[in-house]
Every structure is written in C-alpha cells, then in structure tokens.
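If you're wondering where the values come from, they're calculated on a predicted model, not measured in any experiment.
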Amino acid sequence: MSRLEVFLDDTPGETRGVIERDGRFERLLIQRNSDPVVLRLGSRSIGRIVEINPGLGAAFVDLGQAEPGFLPFPKDQRLTVGQKLQVVVVSEPRGTKGATLRWLGDGEGEPRLLEPGPDVAARLAMLAPGAVVQTGLAAIRAGKDAAEEAMGTGLVMDSLGLDLSVESTRAMIAVDIDHVGLAGRKGRDRANMEGLRQAARLIRLKGWGGLVAIDLVGSAHDAAAIGIAARGAFGDDPEIVYGPLNRFGVLQLSLPWRECPVEARLLENHERHGPETAALALVRRVRERLLSDTAVPRYTVRSGPAEAARAAKWFEQLGPRVVVEVDPALKAGRGMIEEG
C-alpha cells in the first residue's frame, strides 16, 4: 500500500497544495490572491459572446472581468455575437492562451460569476479524499521542495540506470528515457517501465498537458506491455488519447490542459524573480522563520521598494513580530531577514 501525505500551505498572498506519494511529489497546486476567481478551473459564469471566429471554430466570451474566455463551438449549437450563455472553465489561462470554456446552456443578465471553482483545499480533498492534511512549517517546506522539482527537467535513478528528461517545447512535451549502467534487456525494460511512471508523475507535478512524445530505450518492444504500462502511469482519464508505439520506439499521447502550469505561476515574463513572485517568496521565507523559531520576539525584513509595496498587506497578516524596512539598493529577490 502506498504512503500518501498531503500538505496545505496558506501563506498570505498564495496558497499551495502538495500531494506526496511514497516520498515523491505527485501534485503541486498553486492559487494566488491576484488570480481572477472567474478564471479558476471549475468556475461557472454567465458570459456574453463578443466575437465569433470561424477559422478557430470558437467564440470569445466576456465573463465580466479579466480577459475573455475561449469557447470552442458546441456541437449542434449555433452561436451569435451578443448571445448570453452559461459556461464553465475547463482549462485555466496559461502564457498567451486565455481560459478555455465549455458551454452549459443559455444564460440571462450581465456577465458575472455564478459559482467559483474549488480552491486548493477543496481540490486536495477531491484528489486525496480522507487524507490528513498537514499545515504550518511542514507544508511550507513541502511546497518549496515540490516547486523546485517541478521547475526541473528530469531525474536520475542510479539503482535502475534511469536517466530521465522531461521538457516542454512550443509544440509538445518531449520525454527521453535513457538507460545507463545496466546491461541486458531486463534492465532496459525496467528502466522503460519506471521511466513511464516517473515521466507521468513529473508531468502531473508540472501541471502540463498537450501532445507528449516519449522516446523509450531501444526499438524492439512489446507494444502491448508498453501500452498497459503507459495507461497505468498516466491514468484512465477519458480525455487522454493514447497513440500507438511506432517502430522507432516512440510512444505518443495527448493529455488535456486543465490547470495553469507551475512555471507559468512562478515565472513572470520568463523571470524567476518577477515582482509578485519575489514578494511572495519573501513572505513565505518570513513565515517559515516565524514558525520555526517562536522565541524570537521580532524579525526585521529589508526589501526593495517594489517588493515592500506588493507585500505590505501580506506582512501585516503575519502579525506584529514582523517589521519591514525599505532598502532602495536591494533588487527583487534579494530581501533579507534579520532578528530584532
């Protein structure tokens, strides 16, 4: 039986949820206070069609706030500009792509949110029903460690001779399973099977979807066994499309996009230390210090003007033990925490 641990880090400004199974991170959920709730996965709204694009086979829908959502033409439904309808978010915004919507039926009134999608705590409860949720210091550290792994590009498992690379391009997710140090078909097959499991885990952790191409070790494979292993690794979600294993030893599949990927949350304009991300990281560091040493009466946080301005309300929520001093010489991501 697998060992499951669930963590909820509710640091002011950003909430993180982590699922860890048998010592490895499976899921990392991130929601920021600045995220428009209307664009959250599962949010239901009344929207108004503002544009029909036959070339894309979709309409753009005003939801009353944030950018318009993208609605693929519903089957057997004719849409018109100005039409009111009820929609649900099935894919959160990512990069230059807006939220994807699904038509639920006709709507009335002005564009508005009807029901918010589940928050991080509710999603953890759905993904790991009945699990005890750990909070506080353990959750902060789990969230930081999970984010670090999610931003990586693979892993190495020396015991299996497995060297795994998982990277995203504009077109697809490229997975390379390499086998080093162990000779023979048995070792190769073990590396392929574990490589499929770990690739699926890392893709879930990163929050990725889209076309996936997996380059297996070798070229002569038991296609049926590989197919079973792939379904065991990636799951039986009806929206997953499994392709055949080709003669070059490459397996393709398509995964649904649902949540905003981790790197899109943590990178602002492709930078790790964007203003909001840097401010949130500093707040999380301060909260970690507060929880790890409750005997220190006061912490002084020195940060640059941009970080201090963004994080002011979040520092207030941490309580009177935190004092903030602005240092114009400090760049984003260079904030310091001192006792006293």
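Side-chain atoms of S91 never come within 3.5 Å of backbone atoms of A99 as a donor-acceptor pair (strictly under, hydrogens ignored). With hydrogens and angles ignored, the 3.5 Å screen pairs a side-chain donor or acceptor of N246 with a backbone N or O of G249. Side chain of K97 to backbone of F70: no donor-acceptor contact under 3.5 angstrom is found. Not one N or O on the side chain of R321 forms a donor-acceptor pair closer than 3.5 Å with the backbone of G319. Using a distance-only test at 3.5 Å, with no hydrogens or angles considered, no donor-acceptor pair links the side chain of R102 to the main chain of V90. Proximity of a side-chain donor or acceptor of S43 to a complementary backbone N or O of L39 within less than 3.5 Å is not detected. Side chain of R302 to main chain of D327: no donor-acceptor pair is present (N/O by atom type, distance under 3.5 Å, no hydrogens or angles).
To the nearest 0.5 Å, atom CZ of residue R188 and atom CG of residue D178 are 12.5 Å apart. Going from atom CG of L28 over to atom CZ of R265 covers 10.0 Å, rounded to the nearest 0.5 Å. Annotation: the span from L205 atom CG to R27 atom CZ amounts to 9.0 Å, rounded to 0.5 Å.
Applying the side-chain hydrogen bond (donor to acceptor under 3.5 Å, both in side chains) test to R287 and every residue at least two apart in sequence or in another chain returns D9, D10, T11. Qualifying side-chain hydrogen bond (donor to acceptor under 3.5 Å, both in side chains) partners for Q252, counting only residues two or more places apart in sequence or in other chains: none.
Salt-bridge annotation for R298 and E339: absent, with no side-chain N of the basic residue lying under 4.0 Å from a carboxylate O of the acidic one.
Between Q31 and E14, the side chains place no donor N or O within less than 3.5 Å of an acceptor N or O (distance only, hydrogens not considered).
Remark: of the listed residues R204, R197, R3, R201, R204 is the sole one forming a salt bridge (Lys or Arg N to Asp or Glu O under 4.0 Å) with E26.
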inquiry  = Test side chain to side chain donor-acceptor pair (under 3.5 Å) on W208 and E263; report intermediate values, then the result.
reply    = CA-CA 10 Å; W208 285 349; E263 76 271 13; 3.0 Å; yes

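Taking a 4.5 Å side-chain heavy-atom cut-off between Ile, Leu, Val, Met, Phe, Trp and Tyr, the cluster of L330 extends to M336.
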